[in-house]
Amino acid sequence: MDNMLARASGRPVPRRRSRVALASGMVGLAVAATVAVASGANAGTTLATAAAEKGRYFGAAVAAHKLSDSTYAGILNREFNSVTPENEMKIDATEPQQGQFTFGNADRIVEHARSRGMSVRGHTLAWHSQQPGWMQNMSGSALRQAMLNHVTQVATYYRGKIHSWDVVNEAFADGGTGARRDSNLQRTGNDWIEAAFRAARAADPTAKLCYNDYNTDGQNAKSNAVYAMVQDFKARGVPIDCVGFQSHFNSASPVPSDYQANLQRFANLGVDVQITELDIEGSGQTQADNYGRVVRACLAVSRCTGITVWGIRDTDSWRASGTPLLFDGSGNKKSAYTATLDALNGGSTPPPTTPPPTTPPPTTPPPTTPPPSGGCSAAVSLNSWNGGFVATVRVTAGSAPIDGWAVALTLPGGATITNTWSARATGTTGAVTFRNVDYNGRLAAGVTTEFGFQGTGTGPTGTPTCTVS
Ligand code: G3I
C-alpha cells in the first residue's frame, strides 16, 4: 500500500551577502511552497530512513561544541545516520604538537554518533591546509615521515570506528592545468598520495579509503586529473575505495549538467563515490530544485553510497550568509529539505493547480491480504589480525520490502565483541543476535544495508541467519 506524505512549507527569503570567493549570486526569490508526494511502500519520514531504504547513508558535518545545543542535537539525532567531524579530525586538531595527539573533541563526535548507531566519516588525514605550525615548517623526508606517522597514528586510534576516511584532501590545483596543487606535501614527491593511502590501509583495514576534492563535481581538467590518478591507483593496486565529491554549489559554481555522468565514470573505475560536503547557496524553489537534482544523481549511480551535507542549520554553515543548508537558523525544515526528502523517497509531484476534491475519502476497507514477506539474507566479511577482527555484515531484503531484521551468528570460543555499529547486539560472546537500529530496518526489496562489529579473538565463520522482525 502506498504511503503518501504531503508536506508544505513557506518562509520569507533571507537576504544574503557573499563572503568567500565561491559565494556569489544565486539569490532565489521564489517563495517556497512545495507539495511532495513520496511513492513506494516504505517512504521514509526522515533523511536517514529515506536514504537507508535506498541503501544509502545521509550525513551531516558536525561541530563538537554544538552537541550541547538541544535544537542542533535534536535535528542531528532525528534526521541523520552519518556524521563527519567538520574540523575536529584535521591535522591541527589531532596533532597540535608533533607527536602529541589530542582526540577529545573528535571523540565526543564519534561517541555521540556510534552510541546512536550512526556511522562516521573521518576528515581528513593528509591536507595542505589546517596544518599545525610545526608541520607547516617542515619539508622533505622529515615531512614525509611526519605525515605518514600522522596518518598511521590517527587511523590506528580510530581503527574499526570509521566508515570512510578522507585520506587525502584537495591535492589537485584549480584551473585548467590538471596539475597537482603545490604544497609542502606535494614537494616531498609525487608519490605522497599513494604513500598516505598505503599507510591508512595498514593502520585501519576496515575503513573505506577516499580521495576528496572540490570543483571535481563535473567533468573538467581537475576531475580528469583525479580520474587518471584513481585509474592509475586501481591499475597498480594502490588501496583506494572511494572518491568524495565535495559539492559546494552556488550561482558561480552551479550543479554541473554532467554531475551524474561524472559520478558514474568514477564508479565505473571500481570505486564508491560519495557526496561529501554538500551545500547549495540560494533559497526557495531554486535551491530546493538543485538539492533534488543532486540527490537524484546520487540515487541513479548504484555506487554512490551516501550524501553528507556540510552542516545542519544555515547558521552552522562555513558560508552562513549564503543560506546553503536544509534547515533555517531556527532549525525549521526548508523547502530544500522537503525536496531532498522527496528525492530520496523517489517520487515527486508538482503542487496541485486545482483545489482538492471535497468528497470524503472512500469507505471501502483496505485489502486484508498480508504484505508479501520476501525474507532477508546476510553475509559476513572479515578483516582479521592476530588477536582481533572486524566483521562487516551485509543485510539484503528479499523480494519484498522489510520493516526490521535480525541477524544471528555464533562466535567461536574465546571471541568477544568489543563494539558494534549500525546494529544492536544481544550479547558479546557465543550466540549473538544483531537487530537493526532505527534508521536501517526498513529496506526496499533487494536493497542492502551494512552493520559491523569489532572483537578480540577469532571472528565468526559460517553463514549467519537473517530473519524479518
Ligand atoms: O574555533 C576557532 C575560534 O576559537 C576562533 O575564535 C576563530 C577565529 O577565527 O576560529 C575558530 O576556528 C575556525 C573553525 O573553522 C571553527 O569555526 C577556523 O578559524 C576556521 O579556519 C575553520 O574553518 C573551517 C575550514 O574548513 C578551514 O579548515 C570550516 O569551519 C570548515 O567548514 C571548512 O571545511 C572545509 C573542509 O574541511 C574541506 N573542504 C572545504 C570545506 C569548506 O571550506
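As the structure is a prediction and not an experimental result, all values here were calculated from the model. Worth knowing before you read on, the calculation uses all heavy atoms, side chains too, and leaves out hydrogens, waters and symmetry mates. All ligand and atom numbering here is 1-based and tracks the order in the structure.
Close contacts between ligand 1 and His248 involve ligand atoms 40 (C), 41 (C) [criterion: under 4.0 Å to a heavy atom]. Atoms of ligand 1 lying under 4.0 Å from at least one heavy atom of Asn169, given by number and element, are 38 (C).
With hydrogens and angles left out, the side-chain atoms of Asn332 and Tyr337 include no donor and acceptor closer than 3.5 Å. For the 3.5 Å distance criterion, the side chains of Asp204 and Tyr157 fail to qualify, holding no donor opposite an acceptor. Side-chain atoms of Gln219 and Asn262 form no donor-acceptor pair, as typed in the model, at a separation below 3.5 Å. Glu277 and His248 share a donor-acceptor pair across their side chains, judged by distance under 3.5 Å alone. There is no side-chain donor-acceptor pair under 3.5 Å between Gln97 and Trp134.
Taking a distance limit of 4.0 Å, we find that atom 9 (O) of ligand 1 is approached by no protein heavy atom. There is a protein heavy atom less than 4.0 angstrom from atom 28 (O) of ligand 1. Protein non-hydrogen atoms do not reach within 4.0 Å of atom 1 (O) of ligand 1. The nearest protein heavy atom to atom 5 (C) of ligand 1 is not closer than 4.0 Å. Using a 4.0 Å threshold on non-hydrogen atoms, atom 42 (C) of ligand 1 counts as touching the protein. For atom 24 (C) of ligand 1, a protein non-hydrogen atom is found at a distance below 4.0 Å. For atom 16 (C) of ligand 1, the nearest protein heavy atom lies under 4.0 Å away.
Contact check for Gln186 versus Asn190: side-chain heavy atoms found under the 4.5 Å cut-off.
In terms of protein heavy-atom proximity, atom 21 (O) of ligand 1 is closest to Gln130 OE1, 3.9 Å. Taking atom 31 (C) of ligand 1 as the reference point, the nearest protein heavy-atom neighbour is Glu86 OE2, 3.4 Å. Among protein heavy atoms, atom 26 (O) of ligand 1 sits closest to Lys90 NZ, 2.9 Å. Atom 40 (C) of ligand 1 has Glu277 OE1, 3.2 Å as its closest protein atom, hydrogens excluded (heavy atom only). Considering only non-hydrogen protein atoms, atom 38 (C) of ligand 1 sits nearest to Glu170 OE2, 3.2 Å.
Residue-level proximity to ligand 1 for Trp310 is carried by the side chain, the only part with a heavy atom below 4.0 angstrom.
When each of Asp92, Thr94, Asn87 is paired with Lys90, the side-chain hydrogen bond (donor to acceptor under 3.5 Å, both in side chains) condition holds for Asn87 and for no other.
Surrounding CZ of Arg435 are at most 12 heavy atoms belonging to other residues, nucleotides or ligands under 6.0 Å away.
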Residue pair Thr396, Thr448: steps toward the side chain to side chain donor-acceptor pair (under 3.5 Å) verdict: CA-CA 4 Å; Thr396 305; Thr448 297; 2.7 Å; yes
Step-by-step side chain to side chain donor-acceptor pair (under 3.5 Å) determination, Asn149 to Gln98: CA-CA 10 Å; Asn149 184 56; Gln98 188 170 14; over 6 Å; no
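Between Asn87 and ligand 1, at least one pair of N/O atoms sits closer than 3.5 Å.
Under a cutoff of 6.0 Å and an axis angle of 45°, Arg265 and Tyr227 form a cation-pi pair.
For the pair Arg319 and ligand 1, no heavy-atom separation below 4.0 Å is found.
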